[in-house]
Amino acid sequence: MTTNSNVQPQAVDAPLTHFATFLVLTVKDDNPDAIKTVRSTIASIKDLSKNITMRDLNAMFTCTVGIGSDIWDKLTGLPRPAELRPFQEVKGKKHTAVSTPGDLLLHIRAERRDLCFEFERQLMDRLRDTVTLTDVTVGFRYFDLRDLLGFVDGTANPVGTAVPEAVMITAERDPAAVAGSYIVVQKYLHDLTAWKTLSTEQQEAVIGRTKADNIELDDAESGQQQSHKTLATIEDENGNEHEILRDNMPFGSPSSNEFGTYFIGYTAQLWVIERMLERMFVGDPPGLHDRILDFSTPVTGSTFFAPSASVIASLEDD
Ligand code: HEM
C-alpha cells in the first residue's frame with residue numbers, strides 16, 4: 001500500500017496469516033529512561049523486523065506498532081491525530097465494552113509461529129525493564145478462517161482499492177496523521193457451552209450468515225432483533241457505507257476451557273468502529289443488543305494509532 005506522497009504506511013494491510021501475536025504494553029512511569037528506550041526501540045522496529053523477515057521470506061512476517069492516546073505526546077512530541085482518544089467504555093443494558101489500559105500495541109503476524117515468537121523475544125529483550133505487560137494473546141488460523149463459534153470471519157473485509165480508502169488517513173482528512181490508521185482491539189472470551197445449545201439456524205440468525213457456506217442472510221425488519229452483520233454495518237447520513245479492516249484471530253486452550261476471539265479493527269475514521277460498538281452493545285433499536293455478546297464477553301478494550309512507517313522511523317532523531 002502506498003500513499004500519493006512519499007510517506008510510507010506501516011503494513012496494516014498485510015494478508016491474513018496463520019499466526020498472530022497481539023502484545024499490549026504499558027510504559028512504566030517510575031523509570032526515567034523508559035520513554036527514551038521505548039522511543040528508540042520503536043524507531044528500530046524496521047531493523048528488528050528485517051532480522052526476522054530475512055530468516056524466511058515466504059513467511060510474510062510483519063509487525064504493526066500502535067501508540068495509545070495517553071503516551072502519544074510524551075513518546076512522539078508530534079501533533080495529535082485528530083480522533084486519537086482512549087477507548088470509550090460502552091455500557092448497554094446487559095453488556096459492557098470495557099476500557100482497559102495500553103500504551104503500545106504490537107500486532108505481529110507471520111505464517112510461522114516461531115517467527116512471531118522470535119520477534120517477541122528480541123523486542124522484549126530491549127523493552128523488559130521499561131514496560132509492564134498488559135496482555136499478550138497468541139492467535140492462530142482455525143480451518144478456513146473460522147472463529148471458534150464456527151463461522152467464517154473476515155469475509156466482508158474491503159479488498160483492492162477499498163482497503164486504503166477504509167484504513168489510511170489522507171493529508172486532506174488529517175495532515176497530522178497522514179498514512180496512519182486507528183486500531184481498536186478487544187479480547188473476547190466465548191461461552192461455547194451456551195453457544196452450542198443454539199441450533200445452527202439460531203446461530204446463523206445471530207451472525208447474519210449461514211454457517212457451512214457463509215451466505216449472507218437478509219436484514220431483519222426495521223425495529224426487530226438485528227444480526228451481528230447488520231449491527232456492524234455503518235452508514236452515514238448520506239447512505240454511504242463505511243468499511244473497516246479486521247484481522248480477528250481465534251485463541252485459547254481447550255484444556256483450560258478458554259475459547260476466544262481477538263478482535264482487531266483498522267480504520268481511517270475512529271468514529272466508525274466506535275459507532276459499531278455502540279450499535280452492538282446498546283443495540284438498534286436500543287435494548288436489542290448484538291446477541292453475539294450473550295456468548296462473548298470482552299475482557300479488554302483499547303484504542304491505538306498506527307502512524308506511518310516514516311513517522312515511526314523518525315522517532316530516533318528526537
Ligand atoms: C462480520 C465474528 C466482533 C465488526 C462478522 C462476521 C463474523 C464475525 C463471523 C461475518 C463474516 C464477515 O463478514 O466477516 C465476530 C466475532 C466477534 C466480532 C466472533 C467477537 C466476539 C466484532 C466487533 C466489531 C465487528 C467488536 C466492530 C466493532 C464486524 C464487521 C463485519 C463483521 C464490520 C462485517 C459486516 C458486513 O457484512 O458488512 N463478524 N465479530 N465484529 N464484524 Fe464481527
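Given the structure is predicted, the values throughout are model-derived calculations rather than measurements. Atoms within each ligand, like the ligands themselves, are counted from 1 in listed order.
Judged by the shortest distance from any of its heavy atoms, E243 lies outside the 4.0 Å radius around the atoms of ligand 1. Ligand 1 has G154 within reach: a non-hydrogen atom of the residue lies less than 4.0 Å from it.
Scanning the protein for heavy atoms near atom 38 (O) of ligand 1, the closest one is T233 OG1, 3.4 Å. Scanning all protein heavy atoms for the shortest distance to atom 20 (C) of ligand 1 gives Y188 CD1, 3.6 Å. Scanning the protein heavy atoms around atom 13 (O) of ligand 1, the nearest turns out to be A156 N, 2.9 Å. Scanning the protein for heavy atoms near atom 26 (C) of ligand 1, the closest one is Q186 OE1, 3.2 Å. Considering only non-hydrogen protein atoms, atom 19 (C) of ligand 1 sits nearest to D147 OD2, 3.5 Å.
Annotation for ligand 1: atoms under 4.0 Å from non-hydrogen atoms of F151 are 9 (C). Short contacts between ligand 1 and M280, defined as distances under 4.0 Å to a heavy atom of the residue, involve ligand atoms 23 (C), 24 (C), 26 (C). The ligand atoms of ligand 1 that sit less than 4.0 angstrom from a heavy atom of R209 are 10 (C), 11 (C), 13 (O). Listed by atom number, the atoms of ligand 1 under 4.0 Å from M276 heavy atoms are 27 (C), 28 (C), 33 (C). Close approach to S296 involves these atoms of ligand 1, each under 4.0 Å from a residue heavy atom: 21 (C). The H190 neighbourhood of ligand 1 comprises atoms 21 (C), with distances under 4.0 Å to a heavy atom of that residue.
Polar contact with ligand 1: absent for V152 (N/O pair, distance under 3.5 Å).
Sequence neighbours left out, the pairs with a member in residues 154-169 that pass side-chain hydrogen bond (donor to acceptor under 3.5 Å, both in side chains) are T155-N214.
Excluding waters, the set of protein N/O/S atoms under 2.8 Å from atom 43 (Fe) of ligand 1 reads H228 NE2.
A parallel orientation is assigned to the rings of H107 and F22, their planes being inclined by less than 30° (bins at 30° and 60°).
Of all the heavy atoms of I207, the ones lying under 4.0 Å from any atom of ligand 1 belong exclusively to the side chain.
In D125, the CG atom is crowded: over 12 heavy atoms of neighbouring residues, nucleotides or ligands sit closer than 6.0 Å.
Considering all non-hydrogen atoms of both residues, I312 and I42 come closest at CG2-O, 3.2 Å.
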